[in-house]
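Values in this document were obtained by computation on a predicted structure and should not be read as measured data.
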Amino acid sequence: MIRIQNIHVDYGPASERKKILNGIDAEIEAGEFVSIVGRTGCGKSTLLRLILGAEKPSTGRVLIDCVERSQPDRECGYVPQKYSLFPDKTALDNVAFGPKVTSFRGPFTRLAPGRRARMREIRAEALEYLKHTGLNESDARKYPHQLSGGMQQRVAIAQALIMRPKILLMDEAFSALDPSTRADMQRLIKQLWRESGTTIVFVTHHTREAVCLGTRVIGLARNPAGGSSIAIDLSMAHIELDSGEHVLADAVRRIDAVHRNDAVHGSEDSPSQAAEYAVL
């Protein structure tokens, strides 16, 4: 479904060019749950934006179903780290916004036959998606500021899924949540993935999370020649989120070895960030 062909990304003027990604090649099949890990600044989010179509590579191509990416569209849903909710809309209206925009375009949509019936259908569907993510009807009437961080992230996931994207892109989507809420969201997204069969590309810096969620883990690491490339690509056995450490140990150890090797090539992480990766 997703083909990433010899991607290079460079930023800045020619005299101070900084290489971010250096020769990324990968293929992701339909229905996979791919976790992307790597140290801070290694280009994980950049790679996600390339798949989304929000950014173009310096050289190389990203294709979805053999069509080169040029801009964001309905093929890909996107859940960022910071909730992308409209503050002046209720949770229900946030989720219904996408289908409303795509159903009613043009200057005369208010006069379109069947508009009211379609609006009722959209709102009913939006409520079902909210319920599917664990929220209820009273939550649907609340505004974002009235919801906890975990509840806002559930709305953001429903907002993405209601558009029925082939691919769901998640960029550090749970990193701002407390541990208990994060664990709930991990279980939720894995359940939704199993039920929907949606292809998910999930960026995280948390090794255990990557291993437990993904059917495959891709690790990016800085290249001595500059920029990051794929240092490890592991297919994962079926691992549950509450699996014991002995089940996770081998995969976590192999991925963390990439992080440690990355530090040898020069990292911009602070000592505290380097220590964090050493224990994940």
Side-chain angles (χ1 to χ4, degrees), residues 1-7 9 21 24-38 42-57 60-85 94-95 97-99 101-102 125-126 129 132-133 153-175 185-206 209-220 230 233-236:
M1 175 173 281
I2 304 171
R3 181 171 293 176
I4 300 165
Q5 297 179 328
N6 195 28
I7 288 294
V9 174
L21 296 176
I24 303 290
D25 280 290
E27 292 187 2
I28 297 172
E29 295 182 6
E32 283 195 282
F33 192 131
V34 178
S35 299
I36 299 178
V37 297
C42 72
K44 303 185 298 295
S45 295
T46 298
L47 182 56
L48 209 67
R49 289 194 298 272
L50 293 171
I51 299 172
L52 180 63
E55 190 169 330
K56 294 184 179 180
R61 301 191 303 168
V62 177
L63 302 97
I64 293 180
D65 289 338
C66 301
V67 177
E68 187 169 356
R69 300 296 285 162
S70 59
Q71 62 184 19
D73 55 28
R74 291 185 63 178
E75 297 286 294
C76 293
Y78 179 62
V79 181
Q81 179 179 351
K82 295 183 179 178
Y83 322 117
S84 56
L85 305 181
N94 264 283
V95 177
F97 180 78
V101 169
T102 55
E125 185 180 23
Y129 271 88
H132 203 48
T133 62
Q153 197 63 303
R154 290 171 190 266
V155 176
I157 292 170
Q159 189 181 53
L161 290 178
I162 196 172
M163 300 304 292
R164 296 181 177 84
K166 294 181 180 179
I167 300 160
L168 182 61
L169 307 174
M170 305 185 74
D171 190 3
E172 299 276 9
F174 305 151
S175 62
M185 295 305 297
Q186 289 168 346
R187 291 186 177 88
L188 171 66
I189 199 62
K190 196 156 188 177
Q191 174 192 341
L192 293 175
W193 167 71
R194 284 171 172 160
E195 292 173 354
S196 67
T198 302
T199 305
I200 296 181
V201 183
F202 185 90
V203 163
T204 179
H205 70 267
H206 197 299
E209 180 173 70
V211 168
C212 290
L213 288 179
T215 57
R216 180 176 166 197
V217 178
I218 292 176
L220 299 184
I230 294 176
D233 189 341
L234 290 176
S235 293
M236 302 306 304

Audit row: Gln153, Thr133, side-chain contact (heavy atoms from CB on, under 4.5 Å) steps and yes/no: CA-CA 10 Å; Gln153 197 63 303; Thr133 62; over 6 Å; no

Nearest heavy-atom neighbours spanning Asn94 and Gln159: O-NE2, 3.3 Å

Nearest atoms (heavy-atom pairs only) where Ile162 meets Ala126: CD1-CA, 3.7 Å

Close side-chain approach of Asp65 and Lys166, heavy atoms under 4.5 Å: yes

pair Thr215-Met236: side-chain heavy atoms closer than 4.5 Å: no

SB check Arg164 Glu125 (cutoff 4.0 Å): yes

For Val79 against Ala156, the heavy-atom pair lying closest together: CG2-O, 4.1 Å

Spatial distance of atom NZ (Lys190) from atom CD (Glu195) [nearest 0.5 Å]: 13.5 Å

Crowding at CD, Glu29 (>12 non-hydrogen neighbours, <6.0 Å): no

Non-hydrogen side-chain atoms of Val155 and Leu85 separated by less than 4.5 Å: yes

Over all atoms of both residues, closest heavy-atom pair of Gly60 and Pro57: O-CG, 3.4 Å

Donor-acceptor pair, side chain of Ser35 and main chain of Ala210, under 3.5 angstrom: yes

Evaluation steps, side-chain contact (heavy atoms from CB on, under 4.5 Å), between Val37 and Ile218: CA-CA 6 Å; Val37 297; Ile218 292 176; over 6 Å; no

Heavy-atom check, side chain of Glu27 versus side chain of Ile2, under 4.5 Å: no

Arg187 vs Gln191 side-chain heavy atoms within contact, under 4.5 Å: no

side-chain contact (heavy atoms from CB on, under 4.5 Å) assessment of Ile24 paired with Asn6: CA-CA 5 Å; Ile24 303 290; Asn6 195 28; over 6 Å; no

Under 3.5 Å donor-acceptor, Trp193 side chain and Gly31 backbone: yes

Contact check, side chains of Val62 and Arg3, non-hydrogen atoms, under 4.5 Å: no

Side-chain ion pair, Asp171 and Lys44, N-O less than 4.0 Å: no

Non-hydrogen atoms of Ile230 and Asp25 that approach each other most closely: CD1-O, 3.4 Å

Those residues that, when tested against Tyr129, pass ring-ring contact (aromatic ring centres under 6.0 Å, His included) (two or more places apart): none

Side-chain donor or acceptor of Arg69 paired with backbone N/O of Ile51 under 3.5 Å: yes

Minimum-distance pair of heavy atoms, taken over all atoms of Thr198 and Pro165: CG2-O, 3.8 Å

Side chains of Phe202 and Leu213 in contact at under 4.5 Å (non-hydrogen atoms): yes

Selection residues 210-219 - residue pairs positive for salt bridge (charged side-chain N to carboxylate O under 4.0 Å, His left out), sequence neighbours left out: Glu32-Arg216, Arg216-Asp233

Side-chain heavy-atom pair Thr204, Ile36 within 4.5 angstrom cut-off: no

Distance, nearest 0.5 Å, that separates CE of Met163 from CZ of Arg74: 4.0 Å

Test side-chain contact (heavy atoms from CB on, under 4.5 Å) applied to Leu47 and Ile4, step by step: CA-CA 9 Å; Leu47 182 56; Ile4 300 165; 4.1 Å; yes

